[in-house]
There are 2 protein chains.
Amino acid sequence: MRKVRTVTIADVARHAGVAVSTVSYVLSGKRAISATTRQRVLESVRALGYHPNAGARALASKRANVIALVLPLRAGMNLPVLMQFATSVVATARQFDHDVLLMTADEGPEGLQRVAASALVDGLLLMDVEVRDPRVPLLRELGEPSVLIGFPADAEGLTCVDLDFARAGALCAEHLAAGGHREIALLGAPRVVYERGTGFAERTLAGFTAAAKDLKSVAVPCEETYDEVAETVKILFDQHPGLTGLVVHNEAAVGHVLAALRALGRSVPEDVSVVAICPDDVAERASPALTSVLIPAEDVGHQAVRLLMAKLDGLPADSMLLEPRLTIRESTR
Amino acid sequence: MRKVRTVTIADVARHAGVAVSTVSYVLSGKRAISATTRQRVLESVRALGYHPNAGARALASKRANVIALVLPLRAGMNLPVLMQFATSVVATARQFDHDVLLMTADEGPEGLQRVAASALVDGLLLMDVEVRDPRVPLLRELGEPSVLIGFPADAEGLTCVDLDFARAGALCAEHLAAGGHREIALLGAPRVVYERGTGFAERTLAGFTAAAKDLKSVAVPCEETYDEVAETVKILFDQHPGLTGLVVHNEAAVGHVLAALRALGRSVPEDVSVVAICPDDVAERASPALTSVLIPAEDVGHQAVRLLMAKLDGLPADSMLLEPRLTIRESTR
DNA sequence: CTCATGTGTCGAAGCGCTTCGATGGACGGG
DNA sequence: CCCGTCCATCGAAGCGCTTCGACACATGAG
C-alpha cells in the first residue's frame with residue numbers, strides 16, 4: 001500500500017521549468033503555447049505519470065467531466081439490450097473524455113436533484129423513459145442538461161433519442177404482407193408494460209396496426225413464462241385458424257414462442273412466419289434463426305451521448321428517431 | 001434553463017448566523033456541536049436546499065465518495081445476475097453515502113490507473129474476475145483499496161467475495177443423490193468459459209464431481225443456442241441411458257434444456273430430475289418451476305460494498321465465500 | 001526609431017470545502 | 001476569588017486546479 005504522494009500540476013511545472021498555468025494551458029489547449037514548451041511539458045507529464053486531480057479540476061472549472069446514466073431497472077426490461085446500451089454509453093462518453101456515474105431509480109427524483117445540485121455530474125442520461133414519467137417534470141425544473149432515451153408524452157423542449165418503433169412495427173407487418181400473408185398477429189410486451197404506458201410498446205403497436213390495415217390483424221400482450229406464452233399462442237391460433245404471420249416484440253418470450261409453436265406442431269417458417277423485434281444475438285441464437293428488426297442499442301447510446309455533449313457545450317440538440325433495419329433470416333417466407 | 005447561482009456552505013453559514021466551519025462540523029459530525037446550533041444549521045440547510053459541492057469536498061477531504069464498478073461485459077455472461085448485482089452495489093453504496101462510477105473493461109488496465117490516480121474514485125469493485133486475470137497484478141501495483149467478485153489464482157493479500165460454487169455444485173449432487181438418483185450429469189457453461197479458466201465454472205465442477213464420487217457422473221460444457229443444447233442433451237442420454245438427474249449451471253441454456261427434454265419425450269420430474277444453479281426468477285419462470293441453487297447476487301453486491309467501505313476506513317477486510325441455498329421446487333423428486 | 005500589435009508565459013485570485021489550532025465563556029476545585 | 005478544564009465555536013490555511021489580467025519581448029507598419 002505504498003501511499004505515494006500524488007503528482008500535482010505544480011510538480012510537473014517545476015520539472016518542466018515553467019509556470020503552473022502554462023502546464024494547464026498545454027493540457028487544455030485553451031491558449032497558444034510554443035511547440036518547444038509544449039513538448040517539454042508533455043514529456044514531464046509522461047515522466048512523472050501525472051493525472052489531473054478530478055476534484056480540483058471540477059472545482060476550478062465547474063465541469064466534473066462526468067455524466068449520470070439513470071437506469072430504472074424495473075421488471076419486464078430487456079437486459080441484453082440495456083447492457084449493450086450501457087456499454088456504448090460508457091465507451092462514447094470516454095471518447096469525449098467523460099466518465100459515467102451509474103444511478104438506479106431507487107433513489108427517486110431526489111437522486112437526480114442531488115447529483116445535479118452537488119455538481120457531481122454535468123448532465124443526465126435517462127433510460128427507459130415512460131410516456132408519463134415522473135422524472136420529466138423534475139427534469140424541466142432542474143434545468144440540468146439531459147437527454148432521454150424514449151419519448152414522454154410531452155417531449156417539448158426535451159432532447160429524446162429512440163428507435164422509431166412505429167416504423168419497426170410497420171416494417172414487420174409490411175414484410176409479412178409482402179410475403180403474401182393475409183392474417184397476422186403481434187405478440188407484444190407483458191400486459192403490465194402497456195398498463196404503465198411505456199412508449200415504445202404503444203408505438204410499435206400503432207405502427208403495426210396502421211401498416212396492417214389491409215390485412216386481418218390482431219395484437220395481444222404476452223407474458224414471459226413458458227406456460228403463459230404457450231397458452232397465449234394456443235388461444236391465438238384457436239381463435240384465428242388462418243393466422244400465418246407472427247410479429248414478436250418481446251425479447252424474453254421469443255424462445256418460448258418458438259418452443260410453443262414446435263409443441264403445437266406448427267413449423268417455422270413452413271406453417272408460420274415469425275418476425276421478431278430484438279437484438280441480433282437473440283435472433284441468431286434462436287432456432288430457426290429469426291428474421292428480425294434489431295434494436296440498435298449501440299447506436300442509440302452513441303447518439304444520446306453525442307447529443308448530451310453538444311448540450312454541455314451550449315449547442316442546440318434536437319430529438320431524433322433512429323431508422324429500424326430489418327434482417328431477413330430463416331423464420332419467414 | 002435558469003442557471004441559479006448554486007447555494008454554498010457560506011450561504012448556509014450566513015443564513016444560520018454561524019461560521020462556515022460550524023456548518024461543516026454539523027454536517028460531518030466530526031466535532032461536538034450544541035443541539036440548538038445544530039438545529040438552526042440544519043434548518044438553514046433545508047431552507048436553502050443546500051447540497052455540498054462534490055468537487056470541493058473531494059478536494060479538501062481527499063475522499064471522492066465514489067467507488068468504481070468495473071464490469072468486463074464479455075460474451076457468455078449472465079446478464080440478469082449481473083444486473084441484480086449492479087443494482088445492489090448501487091443501493092448499498094448509497095447507504096454508505098457513496099456513488100458508483102461505471103467502468104467497462106474496454107479501457108483496459110490503464111482505465112483503473114487513470115481513475116485511481118485522478119482521485120475520481122476512492123476504491124474499486126471488480127466483477128467477473130478470472131483465475132488468471134490481467135487486472136490483478138496492476139491492482140497490487142496500484143495499492144488502491146479494492147474488492148474482487150470472484151477469486152483469481154493468487155488471492156493472497158486481496159479481498160474477494162463470491163458464492164461458494166464448490167458447495168453449490170456439491171449441494172446439487174447431494175440433493176439428487178438423496179432423491180435416489182444413481183447416475184447424474186452436469187451441464188455447464190459454454191466451452192469457451194472453461195477455456196478462459198473462469199473460476200466459478202471450474203469450482204462448481206469440482207464440487208459436483210467430489211460430491212458425486214459414489215455415483216455415476218459425467219459433466220459436459222453446454223452452448224447456448226437451442227440447437228446445440230438439444231444436440232448436447234440428446235448425445236448425453238444416448239451415451240448414458242441410465243441418466244435420471246441433471247444439474248444445469250448455465251442460465252441462458254436452462255430454458256432450452258427443458259424444451260429439449262420435452263422434445264425427447266422425457267418429462268420432468270417423472271423421468272428426469274433437474275436442478276439448476278441460477279437466479280430465482282429464472283427458476284420460477286421455467287416450466288416446471290426448477291429446484292435451484294440461487295446465485296445470491298444481491299448479497300454478493302452488498303457484502304462487496306461493505307468490505308470495500310471497511311477498507312476505505314482502514315479496517316481489515318477478509319475474503320469471504322457465501323453459502324449457497326437450495327430451494328426445492330417442482331423439477332426434482 | 002517609435003508605436004501599435006501580437007505571442008507566449010507568468011502570477012495570483014479564486015472555486016467551495018475540510019480541518020487544525022485558537023479563543024472565549026462556563027464551571028468547579030482549591 | 002483565581003486558575004485549570006472542558007465545551008462550543010470561530011478564523012484561516014490550504015487542497016490542486018483553471019482562468020484572468022499583466023507583462024516581456026518580438027515584429028512590422030508608419
Side-chain angles (χ1 to χ4, degrees), chain A residues 3-42 44-45 48-66 97 114-120 122, chain B residues 3-42 44-45 48-66 97 114-120 122:
Chain A
K3 264 285 77 119
V4 217
R5 195 178 78 61
T6 61
V7 182
T8 74
I9 197 172
D11 298 328
V12 176
R14 205 169 311 120
H15 187 273
V18 299
V20 163
S21 50
T22 302
V23 176
S24 178
Y25 286 125
V26 166
L27 262 21
S28 70
K30 292 193 181 178
R31 277 200 189 176
I33 297 288
S34 70
T36 59
T37 309
R38 184 201 325 293
Q39 252 356 76
R40 201 142 36 88
V41 169
L42 290 178
S44 299
V45 165
L48 302 180
Y50 169 69
H51 288 266
N53 178 296
R57 189 210 279 274
L59 179 56
S61 68
K62 309 196 157 309
R63 292 280 248 107
N65 275 36
V66 175
D97 193 30
R114 183 179 61 84
V115 294
S118 66
L120 229 190
D122 303 321
Chain B
K3 263 287 76 118
V4 215
R5 197 179 77 64
T6 62
V7 181
T8 75
I9 196 173
D11 298 328
V12 176
R14 204 169 311 122
H15 187 273
V18 299
V20 163
S21 50
T22 303
V23 176
S24 178
Y25 286 126
V26 166
L27 262 20
S28 71
K30 294 195 178 174
R31 277 199 189 176
I33 297 289
S34 71
T36 59
T37 309
R38 185 202 321 294
Q39 252 355 77
R40 200 143 35 85
V41 169
L42 290 179
S44 299
V45 165
L48 302 180
Y50 169 69
H51 288 266
N53 178 296
R57 190 210 280 273
L59 179 57
S61 68
K62 310 201 154 305
R63 293 281 246 108
N65 274 36
V66 175
D97 193 30
R114 183 178 62 84
V115 294
S118 66
L120 229 189
D122 303 321

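Letters go in sequence order (proteins before strands), and every chain restarts at 1. Just the heavy atoms: all of them, side chains too, but no hydrogens, waters or symmetry mates, feed the values below.
Projected onto DNA chain D by closest heavy-atom contact, B:K62 and B:V18 fall at different nucleotides, the more 5' of which corresponds to B:V18. Nearest-nucleotide mapping onto DNA chain C: of B:S21 and A:I33, the residue sitting toward the 5' end is A:I33. Mapped onto DNA chain D by nearest heavy atom, A:S61 and B:T22 fall at different nucleotides, with B:T22 at the one closer to the 5' end.
Applying the 4.0 Å criterion to OP1 and OP2 of C:dT19, one finds that B:K30 has a side-chain N or O inside that range. Taking side-chain N and O atoms only, A:R57 has no distance below 4.0 Å to OP1 or OP2 of D:dG16.
When each of D:dC17, D:dG14, D:dT19 is scored by its nearest atom to the side-chain atoms of A:S24, the top-ranked nucleotide is D:dT19.
Scanning atom types as modelled, one donor and one acceptor separated by under 3.5 angstrom connect the side chain of B:R31 and the base of C:dG21. Checked by distance alone, B:Y25 brings a side-chain donor or acceptor within 3.5 Å of a matching partner on the base of C:dC20.
Residue contacts for A:S34: at a heavy-atom cut-off of 4.0 Å it reaches the sugar-phosphate backbone alone, with no base atom in range. Looking at heavy-atom distances under 4.0 Å, A:V20 makes contact with a base.
For the pair A:N65 CG and D:dG16 P, the interatomic distance rounds to 19 Å; values are reported in whole Å. B:D97 places its CG atom 15 Å from the C1' atom of C:dT18, with the value rounded to the nearest Å. D:dC17 atom P lies 12 Å from atom NE2 of A:H51, rounded to whole Å. Rounded to an integer number of Å, the gap from CG of B:N53 to P of C:dG16 is 7 Å. Put simply, CG on B:L120 is 16 Å from P on D:dG16, counting in whole angstrom units. With rounding to whole Å, A:L59 atom CG is found 13 Å from D:dT19 atom C1'. Whole-Å rounding puts the B:R14 CZ to C:dG16 C1' distance at 13 Å. A:Q39 places its CD atom 16 Å from the C1' atom of C:dG8, with the value rounded to the nearest Å.
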For side chain to side chain contact (heavy atoms under 4.5 Å, CB included), just list the numbers for B:I9 and B:Y50, CA-CA rounded to whole Å, side-chain angles, deciding distance to a tenth of an Å, and then say yes or no. CA-CA 7 Å; B:I9 196 173; B:Y50 169 69; 3.6 Å; yes
For A:V66 and B:L120: C-alpha separation, side-chain torsions, deciding distance, then whether side chain to side chain contact (heavy atoms under 4.5 Å, CB included) applies. CA-CA 10 Å; A:V66 175; B:L120 229 189; 4.3 Å; yes
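Looking only at atom types and distance, the side chain of A:S24 has no donor-acceptor partner in the side chain of A:S21 under 3.5 Å away. Side-chain contact check for B:H15 and B:S44: at least one donor-acceptor pair (N or O, by modelled atom type) lies under 3.5 Å.
B:V12 pairs with exactly one of B:V23, B:L27, B:V20 by the side chain to side chain contact (heavy atoms under 4.5 Å, CB included) rule, that one being B:V23.
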